[in-house]
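In what follows, a structure is listed as structure tokens, so that the remarks can point back to it.
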Amino acid sequence: MARILVTSALPYINGIKHLGNLVGSQLPSDVYARYMRARGHEVMYICATDEHGTPAELAAAKAGVPVAEFCAGMWQVQKDLADGFGLSFDYFGRSSSARNREITQHLAAALGRNGLIEEVSEKQVYSHADGRYLPDRYIEGTCPNCGDENARGDQCENCTKQLDPTDLINPRSAISGSTDLEVRETKHLYLRQSAMRETLDKWIDSQKGWPVLTTSIAKKWLHDGDGLRDRGITRDLDWGVPVQFDGAPWSGMEGKVFYVWFDAPIEYIGATAEWADATGAGDAAWERWWRTDKGANDVRYVQFMGKDNVPFHTLSFPATMIGSAEPWKLVDFIKSYNWLTYEGGKFSTSQGRGIFMDQALDIFPSDYWRWWLLSNAPESSDSDFTWQSFQGGINKDLADVLGNFVSRVTKFCRSKFGETVPEGGTYGKAEAAVTDEIAARLRAYQDNMEAIELRKAAADLRAIWVAGNEYLQAAAPWSVFKQSPEDAAATVRFALNLIRLYGVLSAPFIPDASAAILSAMNAKDAGWPEDLNAALSALPAGHAFSTPDVLFAKIPDERREELEARFAGA
RNA sequence: GGGCCUGUAGCUCAGUUGGUUAGAGCAGAGCGCUCAUAACGCUUUGGUCGUAGGUUCGAGUCCUACCGGGCCUACCA
């Protein structure tokens, strides 16, 4: 038995996430966590909301509530949606928690003591009307290069030229439109990542088998231009982790907070500590996952994230951990995902384009979404959600291949033998052959799960379902029954055991349907089939079951067309 | 501008270190079955592997150029 720490990138707090966000980190990490638990490993699966930063403050202001209140409310919304999608976090924390504040301040102090934090004086734009400093992208004006009037302070979208806010002609606040702006001198702490470039480079090089997407982004940042740059880790904001040094004010940093990217990944640790608090397990319980001097040496730590998050997880966060010179557990494998697009274009929060988590759960069961998103996950490149593809995948894979198999077996049995596993007959070549077939598919399934190749694993799982239909078709108990009810009974008995097996194997992908299957089969043992032959005789003759309702209702064309129109966007 | 990824049957994708007749699912066609959610099974049509060169006994796989799609480029997180 191994110990596996799994973290999903933290969803930002400012609103409800769309399916692209879901498939990029939460959903695949959940499948992995569920699979590893099913294999008997000890799993700690952590996620949390990422709550700090300007967008959260603005979203709160727009909603007309204090930011702390806004975040608390939105945390609950996201928690409920996560539950709705069956995300099996051991703990869903908050980056604004006391634990994260404490650990973030602790790590900053350690970095400071090790000479890895530098005070830098820089110029920032202050907006009097908004009463806040403005991040570069929240300043708009005329581009000095192309004359576009809606250039942002970091880059002109029109001509793609990178800009400084001070380059803009007639700059204004993107929040209020105010032109009452002032460039102020302000001091900030910088993390001296440049000093750790070689360390990080060697660390990245020592990792084996990481996705190309992960390492290529890290390498780019390490070697681009002058190499890895230092980064500001503080901001002039109210909402965040206060900048302190060992609990005392950090001289010159009064009233400032740590920048959200600094404290967000630390919340992986913070949330594990929150879990320990919530369960009353004590500090040793979370430290054995995170401190190599306190038991974390045998932990395998796997992170899941969208590609936008890769620089923070390959460089900034490791720089924080390594730079502290404390024995923190570092990540062993970083699984990164490309984007999911919607009908050929981008999901857009602002334009209401695409499908959001709350809407998705309103129209179909979470298993539908889980299955389609995971069996089409953007693992090797961006992938496109279309209603046509979704409808096809659900109807064919779930309804026809799996759902109908359960249906035809249980209903046939009920009509001929009643709702108990029938006795009589013996297994022969057909049963041995399909067992061999499934054994081979199962090995592939397991290998792909271990390697976190979830698209391939989904295909393997589907092939295991198909094997059941092939077997049943060849055995044809409905015609055999007329001559030899005993032989038909053996086939049905075997097929009922296949159903139970499918319930077990499918659980990481479609947990609700799996639970329904296992419940209908009245299965007491839902353990992973370490011994396939034993697993296929788990339901003995005489075992009572119930015939389940339709497991997966099909999506008719009219329904699909209606949804296509409804989600076409404004 | 720079960097990275990607282009394989109508569609979505597999194709380990270059090695026999390029695979799967969906869609299409034919046949079978009738237990089942008009479901299932079998057979089958379909590809000059983006283009042009090169390396090699041998290239979907390696190299170069070009064409197309996408992402990143550090103050969105």
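Since we're looking at a predicted model, the values are computed, not measured. Below, read A as the first sequence line, B as the second, and so on, with proteins coming before strands; counting in each chain starts at 1. These numbers come from the heavy atoms of this one structure, side chains and all, not from hydrogens, waters or symmetry mates.
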Tell me, with the steps shown, if A:F317 and A:F312 meet ring pair (Phe, Tyr, Trp, His ring centres under 6.0 Å). CA-CA 6 Å; A:F317 187 42; A:F312 301 104; over 10 Å; no
So that I can tick it off, tell me whether A:E379 and A:K335 are bridged by a salt bridge, with the cut-off set at under 4.0 angstrom between side-chain N and carboxylate O. yes
Polar side-chain atom of A:N14 near backbone of A:A56 as donor-acceptor pair, under 3.5 Å: no
Dot-bracket encoding of pairs in RNA chain B, which uses [ ] for pseudoknotted crossings and | for another strand, Watson-Crick or G-U under 3.5 angstrom: (((((((..((((.....[...)))).(((((.......))))).....(((((..]....))))))))))))....
Please indicate yes or no: is the ring centre of A:W478 less than 5.5 Å from the centre of the six-membered base ring of B:rC35, with the two planes inclined by under 30 degrees? yes
Base, sugar-phosphate alone, or nothing: which one does A:L134 contact when heavy atoms must sit under 4.0 Å apart? nothing
Mind checking the C1' distance from B:rG60 to B:rG3? Whole angstroms is fine. 25 Å
For atom CH2 of A:W465 and atom C1' of B:rA39, their distance in whole Å: 16 Å
Side-chain donor/acceptor of A:S514 to backbone N/O of A:G503, under 3.5 Å: yes
Quick one: which of A:I510, A:D512, A:I394 gives a side-chain contact (heavy atoms from CB on, under 4.5 Å) with A:Y368? A:I394
In whole angstrom, give me the gap between the C1' atoms of B:rA9 and B:rA24. 11 Å
Categorize A:F312 for me: base, sugar-phosphate, or nothing, with a 4.0 angstrom heavy-atom threshold over every strand shown. base
I want to verify a distance call: between B:rC40, B:rG15, B:rA36, whose nearest atom is closest to the A:K411 side chain? B:rA36
When you compare B:rG46 with B:rG10, how far apart are their P atoms, in angstrom units rounded to a whole number? 11 Å
When A:H188 is tested against each of A:D236, A:I233, A:V120 for side-chain contact (heavy atoms from CB on, under 4.5 Å), which residue passes? A:D236
Which part of the nucleic acid does A:S216 contact within heavy-atom distance under 4.0 Å: base, sugar-phosphate only, or nothing? sugar-phosphate
Would you classify A:V260 as touching base, sugar-phosphate or nothing, given that sugar-phosphate means primed atoms plus P, OP1 and OP2, and contacts are heavy atoms under 4.0 Å? sugar-phosphate
Using a 4.0 Å heavy-atom cut-off, does A:N404 contact any base of the nucleic acid, only the sugar-phosphate backbone, or nothing at all? base
Test of ring centre spacing under 6.0 Å for A:W387 and A:F385: yes
At 4.0 Å (heavy atoms only), tell me whether A:W261 reaches a base, stays on the sugar-phosphate, or touches nothing. nothing
Just to be sure I understand the rule, does A:D384 reach a base, reach only the sugar-phosphate, or reach nothing, if contact means heavy atoms closer than 4.0 Å? nothing
Quick one: A:D397 CG to B:rA24 P, roughly how many Å, whole number? 17 Å
Mind checking A:E51 for me? I need base, sugar-phosphate or nothing, with any heavy atom below 4.0 Å counting as a touch. nothing
A:E470 (side chain) and B:rC42 (base): donor-acceptor pair under 3.5 Å: no
